[in-house]
Amino acid sequence: MEDKKQLIVSFPKLGHFWLDSGLVGLAKIVEEVAAGSLKVSENAIEIAAASANEAEEILKKAYDVLIDRYYDLSSRRQISDESSYNFYYDSQRDEFIAFPKKKPAGIAQIIYNKAPRPSGGQIKWEKKEKKEIEVNGKKVKRNRGILPKKFPTEYKHLEIRRDEIQKRMEEFLDERGLDVTTSGLLVDGPNKVKPKITIKVSNSRNIRGYCYLCGQPSDRLEDANQTIFPLITGSSGVLSFNSEVGGPEKVCWKCTLVGKFVPANGFYMKQGDNIYCFFPYSVSLQKMIDIYDIFQDVKYEDPDYFKNFNHSLGGYYQHPFEVTFAFLYTLYEKLLLRKKEDEEKEEILDLEKLFGVTIERAPLEF
């Protein structure tokens with residue numbers, strides 16, 4: 001059968017631990033949403049599509065999965081504290097829906113640590129008022145938003161029901177003891193932690209410049225910033241040895257996108273004010289992708305997001321080398337030990353797996 005997918009979007013391996021980790025994350029999530037479109041080589045991943053629009057849709061779906069999995073998160077404490085919930089109005093279902101606070105966790109928090117923004121629309125309050133209500137037997141004051149007489153154009157169809165919606169909203173808030181903290185009524189979606197990106201697949205030959213990170217020509221560039229690589233403190237805080245780049249330093253949309261996918265490939269542990277991160281790395285992109293699934297056995301879902309790997313050593317660690325040892329021990333314990341068939345308690349080193357993880361195809365490092 002003739003392959004109708006003619007457009008190829010290529011993301012090269014750059015030999016940079018951060019962006020190459022993002023490349024692995026992108027590849028594995030694209031594999032989930034559009035497996036037949038992905039091709040991996042030693043030095044690049046390629047996404048095949050019938051058109052630029054189809055390629056963009058694949059990347060947008062992958063990005064949405066990434067956001068839901070690593071950025072737009074609620075900790076156990078945020079979920080349990082129902083008094084701090086926010087809310088939005090679902091115009092299709094004609095109901096109000098409460099949702100917990102959100103924030104990124106772990107490695108994603110290093111990339112983007114900003115307040116969530118509305119994922120749908122918003123009707124700005126005409127004003128806010130204080131209202132006394134009873135919560136758990138106590139009288140407390142809560143903010144209440146007053147809807148305007150005139151709604152924005154996209155919500156004109158709701159304007160005729162303004163008084164009804166206002167009344168139902170106040171009943172909803174009073175029943176749950178919620179406070180109004182937004183600048184308007186959220187409509188058709190909660191607040192969401194989602195870094196803004198531009199995904200624009202194009203065959204345009206109108207080159208605006210060269211990417212500071214990958215050196216490739218691009219028709220769409222943006223300022224280099226911390227959400228692409230955390231050690232970039234701003235467009236004036238970077239240097240490039242690519243003579244074509246010029247200044248101020250700009251980054252292409254591909255590198256901007258890849259930089260957001262780093263959390264999918266990383267491990268982290270928080271200790272006090274510090275966060276320790278570990279990234280499996282190899283000169284071979286194929287090797288990095290091959291070991292990804294193996295390393296998922298080490299991942300741990302912490303409801304408080306203090307870490308994403310668990311170990312049996314216990315204790316609080318004060319020094320980086322202690323955390324590093326705990327991580328490497330976790331790999332050893334979870335991946336490389338297997339029980340002898342005739343002795344339930346005794347474990348031995350799985351040499352075949354050790355070879356496959358560490359040096360097969362290419363060496364592995366962290």
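Counting from 1, the numbers follow the sequence of the chain as shown. Not measured: the values here are computed from a predicted model.
- Counting heavy atoms of neighbouring residues, nucleotides and ligands inside a 6.0 Å radius, atom CD of E134 exceeds 12 of them.
- Taking CD1 from I133 and NZ from K141, the interatomic distance works out to 12.5 Å, rounded to the nearest 0.5 Å.
- No side-chain donor from either of S51 and N53 sits under 3.5 Å from a side-chain acceptor of the other.
- In K150, the NZ atom is not crowded: 12 or fewer heavy atoms of neighbouring residues, nucleotides or ligands sit closer than 6.0 Å.
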Q) Could you go step by step and tell me if R69 and E32 meet the salt bridge (charged side-chain N to carboxylate O under 4.0 Å, His left out) rule? A) CA-CA 13 Å; R69 196 171 291 171; E32 290 182 37; 2.9 Å; yes
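- When all heavy atoms of C252 and C211 are compared, the pair lying nearest together is N-SG, 3.3 Å.
- Between the N308 side chain and the Y268 main chain, a donor and an acceptor come within less than 3.5 Å of each other.
- The aromatic rings of H157 and Y155 sit tilted, their planes meeting at an angle between 30° and 60°.
- The minimum heavy-atom distance between I110 and I275, with the atom names listed, is CD1-CG2, 3.8 Å.
- For the pair K299 and F267, the cation-pi test (distance below 6.0 Å, angle within 45°) is passed.
- In terms of hydrophobic clustering, with Ile, Leu, Val, Met, Phe, Trp and Tyr side chains grouped at heavy-atom distances under 4.5 Å, V258 and I228 are assigned to a common cluster.
- Among all heavy-atom pairs drawn from L66 and K260, the shortest one is CD2-O, 3.3 Å.
- Distance CD1/I197 to CG/L59: 8.0 Å, rounded to 0.5 Å.
- A donor-acceptor contact under 3.5 angstrom links the side chains of D94 and Y89, judged on distance only.
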Q: Go through the steps for E129 and K127 under the test salt bridge (charged side-chain N to carboxylate O under 4.0 Å, His left out), then give the verdict.
A: CA-CA 7 Å; E129 296 178 347; K127 60 180 179 178; 3.3 Å; yes
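- Note that CG of N43 is 10.5 Å distant from CG of L23, once rounded to the nearest 0.5 Å.
- Counting heavy atoms from C-beta outward, F278 and T324 have side chains that approach closer than 4.5 Å.
- When hydrophobic clusters are built by joining Ile, Leu, Val, Met, Phe, Trp and Tyr residues whose side-chain heavy atoms come closer than 4.5 Å, directly or via intermediates, F11 is not grouped with L221.
- In this structure, E164 contributes its side chain and R161 its backbone to no donor-acceptor pair below 3.5 Å.
- At a threshold of 4.5 Å between side-chain heavy atoms, the hydrophobic network of Ile, Leu, Val, Met, Phe, Trp and Tyr places Y71 and F99 in two separate groups.
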Q: Start with the C-alpha gap between Q216 and K254, add the side-chain angles, then the distance that decides, and say whether side-chain contact (heavy atoms from CB on, under 4.5 Å) holds.
A: CA-CA 10 Å; Q216 297 296 311; K254 290 183 181 180; over 6 Å; no
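- Counting only N and O atoms by type, the side chains of S10 and E46 include no donor and acceptor under 3.5 Å apart.
- Using a 4.0 Å cut-off between a side-chain N of Lys or Arg and a carboxylate O of Asp or Glu, K156 and E159 qualify as a salt bridge.
- With N143 contributing its side chain and D179 its backbone, the two residues share no donor-acceptor pair below 3.5 Å.
- Under the salt bridge (Lys or Arg N to Asp or Glu O under 4.0 Å) rule, D174 has a single partner from R142, R144, K167, which is R144.
- Within the 4.5 Å cutoff, the side chain of N136 has no heavy atoms near those of the K138 side chain.
- Side-chain heavy-atom separations under 4.5 angstrom define the hydrophobic clusters, and I207 shares its cluster with no other residue.
- At least one donor-acceptor pair closer than 3.5 Å links the side chain of W125 to the backbone N or O of T182.
- Contact of the N191 side chain with the K102 side chain is not registered, since no non-hydrogen atoms from C-beta on lie closer than 4.5 Å.
- Between Y300 and F309, the gap from one ring centroid to the other reaches at least 6.0 Å.
- With hydrogens and angles disregarded, no donor-acceptor distance shorter than 3.5 Å links the side chain of D304 to the backbone of F306.
- Between E222 and T256 there is a side-chain heavy-atom pair separated by less than 4.5 Å.
- Between F279 and W18, the angle of the ring planes goes over 60°, which puts this pair in the perpendicular group of the 30/60° scheme.
- Residues A48 and I8 share a closest heavy-atom pair of CB-CD1, 3.6 Å.
- Side-chain atoms of D188 do not come within 3.5 Å of backbone N or O of G121 as any donor-acceptor pair.
- Scanning both residues, P195 and Y112, for their nearest heavy atoms gives CG-CG, 3.5 Å.
- Considering NZ of K13 and OG of S282, their distance stands at 6.5 Å, rounded to 0.5 Å.
- A 4.5 Å side-chain heavy-atom check between K101 and D81 finds every atom pair outside the cut-off.
- Taking CD of Q271 as the start and NZ of K307 as the end, the distance is 8.5 Å to the nearest 0.5 Å.
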Q. Would E31 and K28 count as a salt bridge (charged side-chain N to carboxylate O under 4.0 Å, His left out) if you check the C-alpha gap in whole Å, the side-chain angles of each, and the deciding distance to 0.1 Å?
A. CA-CA 5 Å; E31 191 176 69; K28 296 306 295 185; 2.9 Å; yes
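- Heavy atoms from other residues, nucleotides or ligands lying under 6.0 Å from NZ of K200 number 12 at most.
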Q: Test H16 against F229 for side-chain contact (heavy atoms from CB on, under 4.5 Å), laying out the working first.
A: CA-CA 10 Å; H16 187 287; F229 178 47; 3.7 Å; yes
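- Counting only heavy atoms from C-beta outward, the side chains of Q226 and I111 never approach each other to under 4.5 Å.
- Grouping the Ile, Leu, Val, Met, Phe, Trp and Tyr side chains by contacts below 4.5 angstrom, directly or via other members, places Y281 with L14.
- A donor-acceptor pair under 3.5 Å links the side-chain atoms of Q166 to the main chain of G145, judged by distance alone.
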**Q.** side-chain contact (heavy atoms from CB on, under 4.5 Å) evaluation trace for F151 with L147
**A.** CA-CA 8 Å; F151 283 14; L147 291 169; 4.2 Å; yes
Q. Can you check side-chain contact (heavy atoms from CB on, under 4.5 Å) on K196 and R117, steps first, answer last?
A. CA-CA 10 Å; K196 287 184 178 180; R117 299 189 302 266; 2.9 Å; yes
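- In terms of heavy-atom proximity, A62 sits nearest to V30 at CB-CG2, 4.0 Å.
- Using a 4.5 Å heavy-atom cutoff, the side chains of D223 and Y212 are not in contact.
- For the atom pair E171 CD and R176 CZ, the distance stands at 11.0 Å (nearest 0.5 Å).
- Counting heavy atoms from C-beta outward, I45 and L38 have side chains that approach closer than 4.5 Å.
- Hydrophobic clustering, with ILVMFWY side chains joined whenever heavy atoms are under 4.5 angstrom apart, keeps V193 apart from Y85.
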Q: Could you check D68 against K192 for salt bridge (charged side-chain N to carboxylate O under 4.0 Å, His left out), going step by step and ending with a plain yes or no?
A: CA-CA 9 Å; D68 291 341; K192 203 174 186 70; 3.0 Å; yes
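- Applying the side chain to side chain contact (heavy atoms under 4.5 Å, CB included) test between F87 and each of I97, L186, V180 identifies V180 as the sole match.
- Residue pairs meeting the side-chain hydrogen bond (donor to acceptor under 3.5 Å, both in side chains) criterion with at least one partner in residues 55-67, sequence neighbours excluded, are D64-K194.
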